[in-house]
Asker: 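Submitted below is the structure of interest, expressed as structure tokens.
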Amino acid sequence: MTTIDTNPGQISKGWTIGLWVAQALLAAMFLMAGATKLMSGSAELVAMGMGWAENAPFLLIKFIGLAEVAGALGLILPAATRIMPHLTKLAAAGLAVIMVLAAGLHITRGEFEVVPVNVILFALAAFVIWGRTNKAPIAPRA
């Protein structure tokens with residue numbers, strides 16, 4: 001059954017809720033992952049199953065962690081405060097790039113079992129970008 005949108009200027013509550021759920025899930029995942037990278041050393045990360053950290057430079061690991069935490073905050077804070085809400089889409093785009101690079105790294109290392117997680121997180125980030133652009137954009141505070 002199809003429905004006709006009788007008020008095309010109004011944002012659907014379902015899209016708004018779905019996008020907030022996606023943003024919250026992404027933010028939680030990247031906040032945890034980023035904080036882990038920021039607070040742990042290479043040996044601890046390897047012990048947690050992040051084998052790539054064994055040969056990665058210390059500062060690269062910390063940079064990735066910082067980028068993930070910044071992206072997580074960027075998914076929530078600009079949208080919630082309506083201060084520069086377009087930054088939410090940029091944060092999602094940055095996290096999507098991180099997932100493409102992570103998938104590439106895992107593929108080159110033969111860690112194919114991890115790639116579906118990268119794909120799912122990439123898809124959620126792409127959904128946020130698309131949704132906040134087309135279906136439920138957030139207007140800046142007046």
Side-chain angles (χ1 to χ4, degrees), residues 1-42 44-54 56-142:
M1 181 172 145
T2 60
T3 59
I4 298 172
D5 188 4
T6 57
N7 193 353
Q10 187 175 3
I11 296 172
S12 163
K13 191 177 224 181
W15 281 110
T16 300
I17 292 169
L19 286 163
W20 274 112
V21 168
Q23 286 171 240
L25 287 172
L26 277 173
M29 290 294 295
F30 282 105
L31 190 59
M32 287 187 295
T36 299
K37 290 175 185 82
L38 286 174
M39 296 188 293
S40 304
S42 298
E44 293 170 300
L45 293 173
V46 171
M48 289 183 221
M50 295 184 210
W52 62 270
E54 184 174 30
F58 174 80
L59 288 178
L60 177 62
I61 295 169
K62 299 307 175 191
F63 174 76
I64 294 168
L66 183 62
E68 290 175 341
V69 168
L73 294 175
L75 284 171
I76 302 298
L77 294 178
T81 63
R82 292 183 28 214
I83 298 171
M84 299 177 70
H86 67 280
L87 292 178
T88 295
K89 293 181 284 191
L90 293 177
L95 294 173
V97 168
I98 290 172
M99 287 301 94
V100 168
L101 295 173
L105 174 71
H106 293 304
I107 289 168
T108 60
R109 290 178 50 86
E111 300 167 344
F112 299 106
E113 67 280 357
V114 185
V115 175
V117 174
N118 300 134
V119 171
I120 290 167
L121 292 174
F122 173 86
L124 276 174
F127 172 67
V128 169
I129 297 165
W130 174 81
R132 289 299 178 200
T133 301
N134 299 308
K135 288 295 185 179
I138 296 174
R141 191 184 298 191

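All figures in this text were calculated on a predicted structure; none of them were measured in a lab. Numbering of residues begins at 1 and proceeds along the displayed sequence.
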Asker: May I ask you to test the M48-S40 pair for a side-chain heavy-atom distance under 4.5 Å?
Answerer: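 Yes, side chains in contact.
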Asker: Which pairs count as side-chain hydrogen bond (donor to acceptor under 3.5 Å, both in side chains) when at least one residue sits in residues 133-142, sequence neighbours excluded?
Answerer: none
Asker: If you look at every heavy atom in F127 and G18, which pair is closest and at what distance?
Answerer: CE2-O, 4.0 Å
Asker: What I'd like to find out is whether the side chain of P78 reaches to under 4.5 Å of the side chain of I83, using heavy atoms alone.
Answerer: no
Asker: List in chain and number order the residues that pass side chain to side chain contact (heavy atoms under 4.5 Å, CB included) with I64, two or more places apart in sequence or in another chain; answer none if no residue qualifies.
Answerer: K37, W52, L60, E68
Asker: Quick one: salt bridge (Lys or Arg N to Asp or Glu O under 4.0 Å) partners of R82, sequence neighbours excluded?
Answerer: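 Partners of R82 by the salt bridge (Lys or Arg N to Asp or Glu O under 4.0 Å) criterion come out as none, since no residue qualifies.
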Asker: Not counting sequence neighbours, list each pair that qualifies as a side-chain hydrogen bond (donor to acceptor under 3.5 Å, both in side chains) and has a residue in residues 107-116.
Answerer: H106-E111, R109-E111
Asker: Indicate the atoms forming the closest heavy-atom contact of A91 with G74, along with that distance.
Answerer: CB-C, 3.5 Å
Asker: Measure across I138 and A79 and return the closest heavy-atom pair with its distance rounded to 0.1 Å.
Answerer: CD1-CB, 3.3 Å
Asker: How would you list all residue pairs meeting ring pair (Phe, Tyr, Trp, His ring centres under 6.0 Å) that involve residues 59-87, not counting sequence neighbours?
Answerer: none
Asker: Please give me the minimum heavy-atom distance between A35 and V69, naming the atom from each residue.
Answerer: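 Closest heavy-atom pair between A35 and V69: N-CG2, 3.7 Å.
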Asker: Check step by step if side-chain contact (heavy atoms from CB on, under 4.5 Å) holds for V128 and W20.
Answerer: CA-CA 9 Å; V128 169; W20 274 112; over 6 Å; no
Asker: In chain order, what residues pass the side chain to side chain contact (heavy atoms under 4.5 Å, CB included) check against M99, with sequence neighbours excluded?
Answerer: F30, A102, N118, L121, F122
Asker: Tell me the closest heavy-atom pair linking I129 and A92, and the distance in Å.
Answerer: CG1-CB, 3.6 Å
Asker: Minimum heavy-atom separation for G65 to L38, with atom names?
Answerer: C-CG, 3.9 Å
Asker: Checking E44 now: which residues fulfil side chain to side chain donor-acceptor pair (under 3.5 Å) with it, not counting sequence neighbours?
Answerer: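 By the side chain to side chain donor-acceptor pair (under 3.5 Å) rule, E44 matches no residue at all.
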Asker: To the nearest 0.5 Å, tell me how far L95 CG sits from L75 CG.
Answerer: 5.5 Å
Asker: How long is the straight-line distance from CG of L31 back to CD1 of I76, given to the nearest 0.5 Å?
Answerer: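 The CG atom of L31 is 10.0 Å from CD1 of I76, to the nearest 0.5 Å.
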Asker: Using the side chain to side chain contact (heavy atoms under 4.5 Å, CB included) criterion, which residues pair with L25? Sequence neighbours excluded.
Answerer: V21
Asker: Output all residues satisfying side chain to side chain contact (heavy atoms under 4.5 Å, CB included) with A136, sequence neighbours left out; order by chain, then residue number.
Answerer: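 Partners of A136 under the side chain to side chain contact (heavy atoms under 4.5 Å, CB included) test: I11, W15, T16, L19, R132.
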